[in-house]
**Student:** 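The following block contains the structure, expressed as structure tokens.
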Amino acid sequence: MSRFFAFLLTFALISGSGLALAEDGYRMWLRYDPIENTSLRNDYRSQLRHLVVDSQSPTIDAAVKELRMGLGGLLDRELAERDNLARRGNLVIGTPESSELIASLDLEDRLAQVGPEGFILEETRINRRPATIVAAQSDVGVLYGVYHLLRLLQTGETIDGLNVSSAPKVQHRMVNHWDNLDRLVERGYAGLSLWDWGSLPNHRDPRYTDYARMNASLGINATVINNVNADPRILSDQFLEKVAVLADTFRPYGIKMYLSINFDSPRAFGDLDTADPLDPGVRQWWKDRAEKVYEYIPDFGGFLVKADSEGQPGPHGYGRTHADGANMLAEALEPFGGLVFWRAFVYDPEQEDRFREAYDEFMPLDGKFKDSVILQIKNGPIDFQPREPFSPLFGGLKDTNIMLELQVTQEYFGFSYHLAYQGPLFEEVLQADTYAKGEGSTVGRILGNEVFEYKHTGMAGVINPGTDRNWTGHPFVQSSWYVYGRMAWDYELTSEQIADEWMRMTFSHDRRFLDPVGEIMEISREAGVNYRNPLGLTHLYAQGHHYGPAPWYAEADRLDWTAAYYHRASETGIGFDRTETGSNAVEQYHEPVRELFADLDRVPEDFMLWFHHVDWDHEMESGRTLWEELVHKYYKGVEQVEAMQRKWDQVEGLIDQQRFEHVKALLEIQLRDAIRWRDSCVLYFSSVSGRPIPEQYPQPEHDLEHYKKLERTFYVPDPWHPASRSRALN
Ligand code: BDP
């Protein structure tokens, strides 16, 4: 090939892909396109003229790289870098320990207040020269400060007179991946696993670094890269060598590596014929393996464990308790400072009410876990449903470290096909008041360690990005990743405020975009509740894929995986009685929450059918009967999706066509599915209650039999889609 031709080809490829990639969503919220408002841009330019860095470390280098990219892009000019002060326009970053310039400011007391990961951003003077500083006790604090500064620019805030102190309210801010070693992602809807085991450890895909950047920009400081349904091979030397390369890549970004382990590993490795946690051989096995892990990854974070849950092995198999199992692992990790995250997601078909189980199993063990064990608890008592009351373990466990687990990947929210910003859900959980120590004992404050005195607390978000160019499948799933990270840093931020930030960083500052799309985001979660399971109904999904409806689903080996188990609909009424006349799960809450949930006249209607079996003719707040209200909500859910579509249509031309059209098409799918959900549910409940769908509503297009047939055939038609191949349990 002639050199000229090669040049042409390369040029065509670069410019071609540049165009194609321009707005494919890869850059997520770190886009750094030039700021359009020129007067604002000029202000920023004069304040941030020179980047002054007089220290060096892998993390400081990462911060510098980000500033080069971020300021270079946003201010549309190359950043001037130097190691001493200029007369004007200095941006100085560093810690007192390593930077003489920062040390000269005597910030120690103030930095002590924001702690090891916090930071201070300030407009000040150093040696009488004007400077904007990003200062912290640690390099990673500096990095977080740099991302904060960039965010201010990205969201169009003034930095004149800048004066910000920020510290994370929660200690372990973790993301969890449910990635299998064959690269299929359990409940992941955005392609294959990011971790390319075949080319690791040799090839460091640049995506690994971009992944770390995204997380670090939110303050995420921990990742668990493999599925909780763990393949024991993750602890083999072969995999550890690969994992070590990922850990090396994430380290400068302050992200610690953790792994999900399989409790039966000593057996699976063929070394022992038991995994009994009290067996000395087993204990030694774990100590040896832990030592090995630390040889590969000296700052390894620890293990995440799903044990005695959904068929996973655990201590119960050997007649031992969760505490025996967790403490044994903690002992193995202790010499290296590692932690054990032990999941509280347990339930058993023999029990009367799945709601009760985690609490009943773990409360008697409160105080029996070692200090380096943390119980990881899903937000609700069942399983990431569109709406759940908070798990009573929050506020229940006083002497056991705890962690909140939230789900970003939309397992129960329409996968990567539906728009369902999770901010309102996360906010609802974090602001729920447990009354554990009187009013104000919110889940957020408990996690912030303001209520009890835990040794560790944290939050985990199940994120599941994959090889899709835009990481998350639906462009708006990015917003849920974003809001998770921001709330893990500060649970007091509101969902609305964070949505606004995200939209500005990801799409546009134009009010004509922000207003309608902000409304779409705020409404989207409630719409999803309304067209699936309003008024406290739950888990009406078809078995296996958790996508489409099957409220009629009643026969199965495990009744606790059927819809009928949850809704208990009959001719006379609907809902699960969890008061004294039923399973009495309400007793797990503190007063006055218990009384509120137990009282049919006072229970918030959003939670009504979670706690009560209610007559179809029960009068609701609106004056409608329960049956009418239920139908009303289902129809409302569909109307809300239609409103979302209309609002989205308004923003055409205000953003790139590529993402506009992607979202538009997905909203069409969402509307189709919302109608199917509504019609399946109203027809089914009508058949059970013997009540007709009131005439004012358009009647479903088909009969119930039609919708029943769709159950297994329609929803995940692509057999190669990871969702349809993932381990489908319940
Ligand atoms: C459920 C999922 C299942 C997970 C399980 C878990 O359906 O795939 O393995 O949770 O969290 O939501 O362990």
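Every value quoted in this text rests on a predicted model; they were computed, and no experiment measured them. When a ligand or atom number is given, it counts from 1 through the structure's own listing order. Here, residue 1 is the first one in the sequence, and each next residue gets the next number.
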**Student:** Ligand 1 versus N227, non-hydrogen atoms closer than 4.0 Å: side chain, backbone, both, neither?
**Tutor:**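 It is neither part, as no heavy atom is under 4.0 Å.
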
**Student:** Only heavy atoms of V228, strictly under 4.0 Å: list the atoms of ligand 1 that pass.
**Tutor:**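 The list of qualifying atoms is 13 (O).
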
**Student:** Establish, for the pair R233 and F239, whether the NZ or CZ atom is under 6.0 angstrom from the six-membered ring centre and no further than 45 degrees off its axis.
**Tutor:** no

**Student:** Only heavy atoms of D383, strictly under 4.0 Å: list the atoms of ligand 1 that pass.
**Tutor:**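 Per the distance check, 1 (C), 10 (O), 12 (O).
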
**Student:** Is the distance between the ring centroids of H172 and F341 less than 6.0 Å?
**Tutor:**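 Yes, ring centres under 6.0 Å apart.
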
**Student:** Heavy-atom distances under 4.0 Å are what count here, so tell me which part of Q407 touches ligand 1: side chain, backbone, both or neither.
**Tutor:** neither

**Student:** Please test F607 against L535 for side chain to side chain contact (heavy atoms under 4.5 Å, CB included), starting from the C-alpha separation and ending with a verdict.
**Tutor:** CA-CA 6 Å; F607 293 108; L535 301 177; over 6 Å; no

**Student:** I'd like to check which ligand 1 atoms, numbered from 1 as shown, lie under 4.0 Å from a non-hydrogen atom of K378.
**Tutor:** 1 (C), 5 (C), 6 (C), 10 (O), 11 (O), 12 (O)

**Student:** Closer than 4.0 Å to some heavy atom of F345 - which atoms of ligand 1 meet that?
**Tutor:** 5 (C), 6 (C), 10 (O), 11 (O), 13 (O)

**Student:** Going by the atom numbers of ligand 1, which of them fall below 4.0 Å from some non-hydrogen atom of E411?
**Tutor:** 1 (C), 2 (C), 7 (O), 12 (O)

**Student:** Are any of the N/O atoms in R343 less than 3.5 Å from those in ligand 1?
**Tutor:**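 In this structure, R343 places an N or O atom under 3.5 Å from an N or O of ligand 1.
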
**Student:** Got a sec, which residues hit side chain to side chain contact (heavy atoms under 4.5 Å, CB included) with P364, two or more places apart in sequence or on another chain?
**Tutor:** none

**Student:** Mind checking what makes side chain to side chain contact (heavy atoms under 4.5 Å, CB included) contact with A268, not counting sequence neighbours?
**Tutor:**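 Checked A268 against side chain to side chain contact (heavy atoms under 4.5 Å, CB included); matches are P232.
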
**Student:** Against heavy atoms of H546, which atoms of ligand 1 measure under 4.0 Å?
**Tutor:** 7 (O)

**Student:** Checking L235 against V293 for the side chain to side chain contact (heavy atoms under 4.5 Å, CB included) test, could you report, in this order, the C-alpha distance in whole Å, the side-chain angles of both residues, the deciding distance, and whether it holds?
**Tutor:** CA-CA 7 Å; L235 289 182; V293 175; 3.9 Å; yes

**Student:** With the threshold set at 4.0 Å, does a side-chain nitrogen-carboxylate oxygen contact exist between D366 and K398?
**Tutor:**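 Looking at K398 together with D366, the answer is no, because their closest N to O distance does not fall below 4.0 Å.
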
**Student:** Is any NZ, NE, NH1 or NH2 atom of the basic residue among R183 and D196 found under 4.0 Å from an Asp or Glu carboxylate oxygen of the other?
**Tutor:** yes

**Student:** Please confirm whether E405 comes within less than 3.5 Å of ligand 1 when only nitrogen or oxygen atoms on both sides are compared.
**Tutor:**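 No, since none of the N or O atoms of E405 sits under 3.5 Å from an N or O of ligand 1.
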
**Student:** Provide the number and element of each atom of ligand 1 under 4.0 Å from a heavy atom of E186.
**Tutor:** 3 (C), 4 (C), 8 (O), 9 (O)

